[in-house]
There are 2 protein chains.
Amino acid sequence: MSSTNRASSDDEFIVVREILSRLGDKWSVRVIHEAAGEPIRFTDLKRKIERSTPISSRVLTRTLKQLERDGLVTRRVYPVVPPRVEYRLTELGQQFLHHAQEIMGWTMEHQTAFETARREFEAQTTEQ
Amino acid sequence: MSSTNRASSDDEFIVVREILSRLGDKWSVRVIHEAAGEPIRFTDLKRKIERSTPISSRVLTRTLKQLERDGLVTRRVYPVVPPRVEYRLTELGQQFLHHAQEIMGWTMEHQTAFETARREFEAQTTEQ
DNA sequence: CCGCATCCATTACGATACTG
DNA sequence: CAGTATCGTAATGGATGCGG
């Protein structure tokens, strides 16, 4: 099983889990979705997201930094006044988005199943 | 078919995100993986997981409760002494596992790309 | 055997105010 | 415009001990 001289089979999973975590956190997928296509500026990105939910610049910044760190988006600074910073998806980011959309599609297909499961669970744990 | 509670397109995404969160949390995928196939008892599950990493019963219990609530695993109690409780994947859980494995596969394929991206990011943010 | 109760550490999220 | 600094709250993960 855990055969080769690859440190430990656990170490490999650290990066994997950290990438998977992007699927589960509140903003990453949304940001990646909005950053697909044309490069987009920070404030435009913020405004786009805020068409449905408020996001503080602190949180958006942090999310973008993580995505940049993981190689899913690139950040390009133009040395002009006022500042101009553009974010865009990398190839890796686009593939990630693709996978994310697949699972989201599956989840949405089975949404009623999830909701039913939850109601049943509540019913069971509530009864005396 | 209560199409009336479709309030905003955001509401739909709450359940979606909660399911996606299972991909990102520390234990869900692992538990689901170990629960695939034969039904498995609580302590056996714990021991299996602990072949690689310690997990407290509190955390395992909480993870299982969530998965049960979302309809990904079922919990069956046998009224015997000592207690016997078996967990097993539902159809939904198996599909979930399938999707999870796909993304994990993709992530592992590009693992070196992620690691490289991180090193470059560090290098950039470190330089004066 | 299968948990739950308690307590603690760490991290995510968020509102607000302020700068190059 | 594109962030950082500061503060506070909530959720998650974990160690340990008890109980049917």
Side-chain angles (χ1 to χ4, degrees), chain A residues 10 13-14 17-31 34-35 39-50 52-70 73-88 121 124-125, chain B residues 10 13-14 17-31 34-35 39-50 52-70 73-88 121 124-125:
Chain A
D10 254 11
F13 282 109
I14 294 177
R17 262 229 322 114
E18 283 175 351
I19 300 301
L20 290 194
S21 297
R22 302 300 135 242
L23 287 168
D25 72 31
K26 189 164 180 180
W27 299 108
S28 294
V29 173
R30 178 70 189 274
V31 167
E34 301 294 4
I40 188 171
R41 300 178 67 174
F42 184 87
T43 303
D44 290 339
L45 189 48
K46 188 167 189 295
R47 263 194 288 265
K48 252 185 157 185
I49 292 172
E50 290 187 329
S52 56
T53 325
I55 181 172
S56 67
S57 59
R58 179 196 187 315
V59 171
L60 181 54
T61 299
R62 215 169 55 77
T63 304
L64 284 165
K65 280 260 179 295
Q66 279 179 337
L67 297 178
E68 194 195 348
R69 178 172 126 89
D70 288 338
V73 307
T74 55
R75 175 177 180 272
R76 176 149 188 202
V77 183
Y78 297 85
V80 296
V81 180
R84 177 186 192 87
V85 179
E86 284 182 352
Y87 293 92
R88 57 173 298 182
F121 183 82
Q124 296 234 346
T125 55
Chain B
D10 253 13
F13 282 110
I14 294 176
R17 262 230 321 115
E18 283 174 352
I19 301 300
L20 290 194
S21 297
R22 300 302 135 242
L23 287 168
D25 72 31
K26 190 163 178 181
W27 298 109
S28 294
V29 173
R30 179 69 189 276
V31 167
E34 301 293 4
I40 188 171
R41 301 178 65 175
F42 184 88
T43 303
D44 290 338
L45 189 49
K46 189 167 190 295
R47 264 195 288 264
K48 253 184 154 183
I49 292 171
E50 290 187 328
S52 57
T53 325
I55 181 173
S56 68
S57 61
R58 176 199 187 313
V59 171
L60 181 54
T61 299
R62 215 169 57 77
T63 303
L64 284 166
K65 279 263 178 293
Q66 279 179 336
L67 297 178
E68 195 195 348
R69 177 171 127 90
D70 288 338
V73 306
T74 55
R75 175 178 181 271
R76 176 148 190 201
V77 183
Y78 297 85
V80 295
V81 181
R84 178 187 191 88
V85 179
E86 285 182 352
Y87 294 91
R88 56 172 297 179
F121 183 82
Q124 295 234 347
T125 56

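Numbered from 1 within each chain, the chains take letters A, B, ... in sequence-line order. Quantities reported herein were computed from a predicted structural model and do not represent experimental measurements.
Atom CZ of R30(A) is separated from atom C1' of dC13(C) by 16 Å (rounded to the nearest Å). Rounded to an integer number of Å, the gap from NZ of K46(A) to P of dG14(C) is 12 Å. Summarising the geometry, the separation between CZ on R22(B) and C1' on dG13(D) is reported as 13 Å, rounded to the nearest angstrom. Computed from coordinates, the R62(B) CZ to dC7(C) P distance equals 18 Å when rounded to whole Å. Look at CD on E50(A): it is 16 Å from P on dC13(C), rounded to the nearest Å. Between I55(B) atom CD1 and dT12(D) atom P the separation is 15 Å, expressed in whole Å. Rounding to whole angstrom units, CG of residue D44(A) and P of dC1(D) are separated by 9 Å. Taking atom CG on L23(B) and atom C1' on dT12(D), their separation rounds to 17 Å, with Å as the unit.
Side-chain N or O atoms of R17(A) include one that pairs as donor or acceptor with a backbone N or O of G24(B) at under 3.5 Å.
When heavy atoms are screened at a 4.0 angstrom cut-off, V85(B) is found touching the sugar-phosphate backbone but no base atom. Using a 4.0 Å heavy-atom cutoff across all strands shown, Y87(A) reaches sugar-phosphate atoms only and no base atom.
Of all nucleotides listed (dG3(C), dG14(C), dG13(D)), dG13(D) comes nearest to the side chain of W27(B). Distance from the side chain of S56(B) is smallest to dT16(D) among dT16(D), dG14(C), dG13(D). Out of dA17(C), dC4(C), dC1(C), the shortest distance to the side chain of K65(B) is found at dC4(C). Distance from the side chain of D25(A) is smallest to dC13(C) among dC13(C), dG13(D), dG3(C).
Of all heavy-atom pairs spanning A35(A) and I40(A), the tightest one is CA-CG2, 4.1 Å.
Residues R30(B) and S52(B) bring a donor and an acceptor atom of their side chains to less than 3.5 Å of each other.
Taking for each of P83(A) and K26(A) the nucleotide of DNA chain C with the nearest heavy atom, the 5'-most of the two is the partner of K26(A). For R41(A) and V59(B), each mapped to the nucleotide of DNA chain D holding its nearest heavy atom, the one lying further toward the 5' end belongs to R41(A).
Under the side-chain hydrogen bond (donor to acceptor under 3.5 Å, both in side chains) rule, D44(A) has a single partner from R47(A), K46(A), R41(A), which is R47(A).
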I'd like a table of donor-acceptor pairs (distance under 3.5 Å, sequence neighbours excluded) in which one partner is a side-chain atom from residues 55-62 of chain B, with atom names and distances.
unit_1	atom_1	unit_2	atom_2	d
S56(B)	OG	V59(B)	N	3.3
T61(B)	OG1	S57(B)	O	2.7

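The base of dC4(C) lies close enough to the side chain of S57(B) for a donor and an acceptor atom to sit less than 3.5 Å apart. Within 3.5 Å, a donor on the side chain of R58(B) pairs with an acceptor on the base of dT6(C), or the reverse.
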